[in-house]
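Basis for what follows: all heavy atoms, side chains included, without hydrogens, waters or symmetry-related copies. Each ligand, and each atom within it, is numbered from 1 in the order the structure gives.
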Amino acid sequence: MSASTPITQDVLTLPRKPAEDDGRANLIGLTRDGLREALVAAGTPEKQGKMRTDQVWQWLYQKGVRDFAAMTNLSKDYRALLAEHFTIEIPEVVSRQVSADGTRKYLVRIAGGHEVETVYIPEESRGTLCVSSQVGCTLTCSFCHTGTQRLVRNLTAAEIVGQVMLARDDLGEWPQPGRHPKDETRLLSNVVLMGMGEPLYNFENVRDAMKVVMDGEGISLSRRRITLSTSGIVPEIARTAEEIGCLLAVSFHATTDEVRDRLVPINRKWNIAALLDALREYPRLSNSERITFEYVMLDGVNDSDEDARRLVSLIRGIPAKINLIPFNEWPGAPYRRSPEARIRAFADIVHKAGYASPIRTPRGEDIMAACGQLKSASERTRRRRPAEAAASL
Ligand code: SAH
Ligand code: SF4
């Protein structure tokens with residue numbers, strides 16, 4: 001099977017019409033406070049605000065209902081009021097590809113005709129959804145496919161929550177009335193903000209979306225089942241702990257500033273020392289809340305024994321696990337994946353120093369769904385010139 005041939009590809013006919021721009025506001029993605037304000041502004045009596053918010057919230061996020069008419073515990077008049085002022089809109093799935101290993105990649109269309117990708121990765125004991133936060137990325141990490149695409153725009157909170165909802169739709173995972181699945185039986189049990197974009201450059205929308213996803217009366221994923229991956233936007237790291245409270249992963253990838261400057265150019269703004277200082281401050285409640293250091297294995301670039309030893313000495317004192325990611329190639333990529341034996345030798349040094357060092361098995365490679373392969377074909381490909389990339393830092 002060639003790398004570009006998907007195992008199955010079903011182009012879905014869209015069940016919903018795109019939202020008409022008729023001035024009605026989308027309720028998806030509002031926090032509870034935001035939903036309450038919207039309902040009151042539309043004429044809900046102030047003293048009913050909390051009750052109505054609770055009711056609508058449960059329909060949206062516990063039952064997955066997309067039609068006000070189906071909200072049967074609300075009076076006909078109130079349903080009509082809601083339909084007059086609001087919509088319930090999640091992004092459209094344009095196509096879905098299913099890999100030989102069960103990974104599903106959704107091409108998702110958002111307002112403006114832009115596209116992002118969302119990937120579902122089933123594993124034995126959990127199912128992880130890899131969610132995008134931006135169309136493209138302002139950063140230009142030299143090994144990342146998304147980095148060859150300009151930033152087009154930030155996703156809204158609705159578009160971020162919507163990715164979780166459309167995956168639950170596809171997996172048939174909205175609970176039946178009166179039944180709420182426990183975490184361990186869930187098909188979609190974890191969310192990683194590791195799709196397209198730098199989530200900490202879209203902080204408020206990512207935060208609000210995760211508040212919706214974590215809410216116990218709705219999708220109800222624990223904060224410990226959400227991992228945000230950043231390339232190292234140092235000033236936003238403390239806020240991530242305070243305002244979202246999820247787990248953190250950091251795209252580390254190099255052990256000297258000289259190499260990290262080339263791989264992750266944001267390092268020229270916040271270097272390794274500044275990043276490590278911020279990570280040392282990241283609060284955690286238990287050992288299971290270690291920081292994940294992501295480290296892409298690039299042949300002859302960052303994969304020597306010396307690198308492995310430098311890595312463990314740099315992170316000493318930080319409860320951490322090191323996730324080694326064999327480089328996923330994409331057309332025109334300037335790097336090669338480190339040989340397997342090299343990756344194992346690197347992992348061994350890290351492991352002997354006392355850190356878990358799992359080697360990430362690439363998933364969904366046959367459908368270009370693996371880490372760093374995401375990119376919307378609809379957007380213009382453009383490799384930025386280095387001077388331009390540096391100027392944008
Ligand atoms: N912008 C965020 C999150 C998205 S990238 C970040 O950079 O952390 C998710 C992870 O995939 C990051 O660790 C990133 O460095 C890694 N990645 C990007 N391109 C890759 C590639 N071609 N092969 C393997 N990992 C890659
Ligand atoms: Fe952006 Fe992350 Fe890719 Fe870097 S690795 S270009 S920050 S998406």
Side-chain angles (χ1 to χ4, degrees), residues 3 116-119 121 128-152 154-155 160 163 191-203 206 226-234 236-237 240 246-254 259-270 275 279 291-299 301-303 321-338 343 358-365 368-376 379 381-384 389 392-393:
V116 292
E117 291 175 331
T118 307
V119 179
I121 306 146
T128 303
L129 192 72
C130 181
V131 168
S132 293
S133 57
Q134 299 182 309
V135 188
C137 189
T138 47
L139 304 179
T140 52
C141 303
S142 51
F143 54 88
C144 173
H145 205 200
T146 308
T148 64
Q149 183 184 322
R150 280 170 182 242
L151 175 76
V152 178
N154 281 336
L155 297 196
I160 299 169
Q163 293 172 65
V191 165
V192 293
L193 286 149
M194 294 187 187
M196 294 164 62
E198 168 49 60
L200 294 189
Y201 274 156
N202 186 15
F203 188 90
V206 166
I226 298 175
T227 303
L228 182 150
S229 174
T230 180
S231 57
I233 312 303
V234 164
E236 304 292 343
I237 287 178
T240 305
C246 61
L247 305 190
L248 190 69
V250 60
S251 295
F252 207 65
H253 304 322
V259 175
R260 197 162 189 273
D261 281 353
R262 273 192 287 134
L263 299 182
V264 187
I266 198 68
N267 195 67
R268 295 182 216 152
K269 191 155 182 177
W270 295 292
L275 177 58
L279 297 178
I291 290 173
T292 300
F293 284 73
E294 297 163 283
Y295 198 96
V296 64
M297 298 300 292
L298 303 172
D299 188 19
V301 176
N302 63 354
D303 62 351
K321 95 169 180 217
I322 320 295
N323 216 329
L324 299 176
I325 317 174
F327 175 57
N328 293 311
E329 295 183 11
W330 37 272
Y335 302 105
R336 275 170 304 140
R337 179 182 291 182
S338 308
I343 300 179
I359 299 169
R360 196 184 284 174
T361 318
R363 298 291 303 262
E365 279 188 299
M368 286 281 286
C371 279
Q373 291 184 316
L374 303 185
K375 173 170 157 163
S376 37
E379 307 295 344
T381 309
R382 199 178 64 112
R383 164 56 60 196
R384 291 181 179 199
S392 71
L393 295 181

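Remark: the Asn328 side chain and the Arg337 side chain contain an N/O donor-acceptor pair separated by less than 3.5 Å. Glu236 and Thr230 share no donor-acceptor pair across their side chains, judged by distance under 3.5 Å alone.
In Thr230, the part holding a heavy atom less than 4.0 Å from any atom of ligand 1 is the backbone. When non-hydrogen atoms are compared, ligand 1 lies under 4.0 Å from the side chain of Glu294 (C-beta onward) but not from its backbone. By the criterion of a heavy-atom distance under 4.0 Å, the side chain of Val296, and not its backbone, is placed next to ligand 1. Contacts between Phe143 and ligand 1 below 4.0 angstrom, taking non-hydrogen atoms only, involve backbone and side chain alike. With a 4.0 Å cut-off on non-hydrogen atoms, Glu329 does not touch ligand 1 at all.
When every heavy atom of Ile266 is checked against every heavy atom of Ser231, the shortest pair comes out as CG2-O, 3.7 Å. In terms of heavy atoms, Arg360 sits closest to Met194 at NH2-SD, 4.0 Å. Among all heavy-atom pairs drawn from Ser142 and Pro334, the shortest one is O-CG, 3.6 Å. Ile343 and Ser338 get closest at one heavy-atom pair: CD1-O, 3.5 Å.
Interatomic distance, CG of Leu324 versus OH of Tyr295, reported as 9.0 Å (0.5 Å rounding).
For Ser133, the closest heavy-atom approach to ligand 1 does not fall below 4.0 Å. Not a single heavy atom of Tyr335 sits under 4.0 Å from any atom of ligand 1.
The nearest protein atom to atom 4 (Fe) of ligand 2, hydrogens excluded, is given as Cys141 SG, 2.3 Å; this is a heavy-atom distance. Nearest protein heavy-atom contact of atom 2 (Fe) of ligand 2 is Gly197 O, 4.5 Å. Of the protein's non-hydrogen atoms, the one nearest atom 1 (Fe) of ligand 2 is Cys137 SG, 2.3 Å.
In this structure, the side chain of Gln134 does not engage the main chain of Leu151 through any donor-acceptor pair within 3.5 Å. A donor-acceptor contact shorter than 3.5 Å is absent between the side chain of His253 and the backbone of Arg260.
Applying the 4.0 Å criterion to heavy atoms of Gly195 picks out, from ligand 1, the atoms 4 (C). Close approach of ligand 1 to His253 is summarised as follows: ligand atoms under 4.0 Å from at least one heavy atom of the residue are 13 (O), 14 (C), 15 (O). Close approach of ligand 1 to Trp330 (heavy-atom distance below 4.0 Å) involves ligand atoms 22 (N). Close approach of ligand 2 to Ser231 is summarised as follows: ligand atoms under 4.0 Å from at least one heavy atom of the residue are 7 (S). If you number the atoms of ligand 1 from 1 as listed, the ones under 4.0 Å from a heavy atom of Phe327 come out as 21 (C), 22 (N), 23 (N). Within the listing of ligand 1, atoms 24 (C), 25 (N) sit less than 4.0 angstrom from a heavy atom of Ile325. Residue Cys144 has at least one heavy-atom neighbour below 4.0 Å for each of these atoms of ligand 1: 18 (C), 19 (N). Atoms of ligand 1 lying under 4.0 Å from any heavy atom of Gly197, numbered from 1 in the order shown and given with element: 1 (N), 2 (C), 3 (C), 4 (C). Residue Ser251 approaches ligand 1 through these ligand atoms, each under 4.0 Å from one of its heavy atoms: 6 (C), 7 (O), 8 (O), 12 (C), 13 (O), 14 (C), 15 (O). Under a 4.0 Å criterion applied to the non-hydrogen atoms of Leu139, ligand 2 contributes the atoms 6 (S), 7 (S).
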Chi angles and distances behind the side chain to side chain contact (heavy atoms under 4.5 Å, CB included) call for Leu139, Ile233:
CA-CA 11 Å; Leu139 304 179; Ile233 312 303; 4.2 Å; yes
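Here's the thing with Leu193: none of its N/O atoms is less than 3.5 angstrom from an N/O atom of ligand 1. Taking only nitrogen or oxygen atoms, main chain and side chain alike, Pro326 does not reach within less than 3.5 Å of ligand 1. Note: no N/O pair closer than 3.5 Å links His145 and ligand 1 by distance alone.
Residue contact annotation: Cys144 places an N/O/S atom under 2.8 Å from atom 3 (Fe) of ligand 2.
Aromatic ring orientation, Trp330 versus His145: parallel (interplanar angle below 30°, classes split at 30° and 60°).
Put simply, the side chain of Arg336 reaches to within 4.5 Å of the side chain of Glu329, judged on heavy atoms.
Under the side-chain contact (heavy atoms from CB on, under 4.5 Å) test applied with Leu155, the options Val131, Val206, Ile160 reduce to a single match, Ile160. Screening Val234, Val264, Asn267 for a side-chain contact (heavy atoms from CB on, under 4.5 Å) with Leu275, the sole residue that qualifies is Val234.
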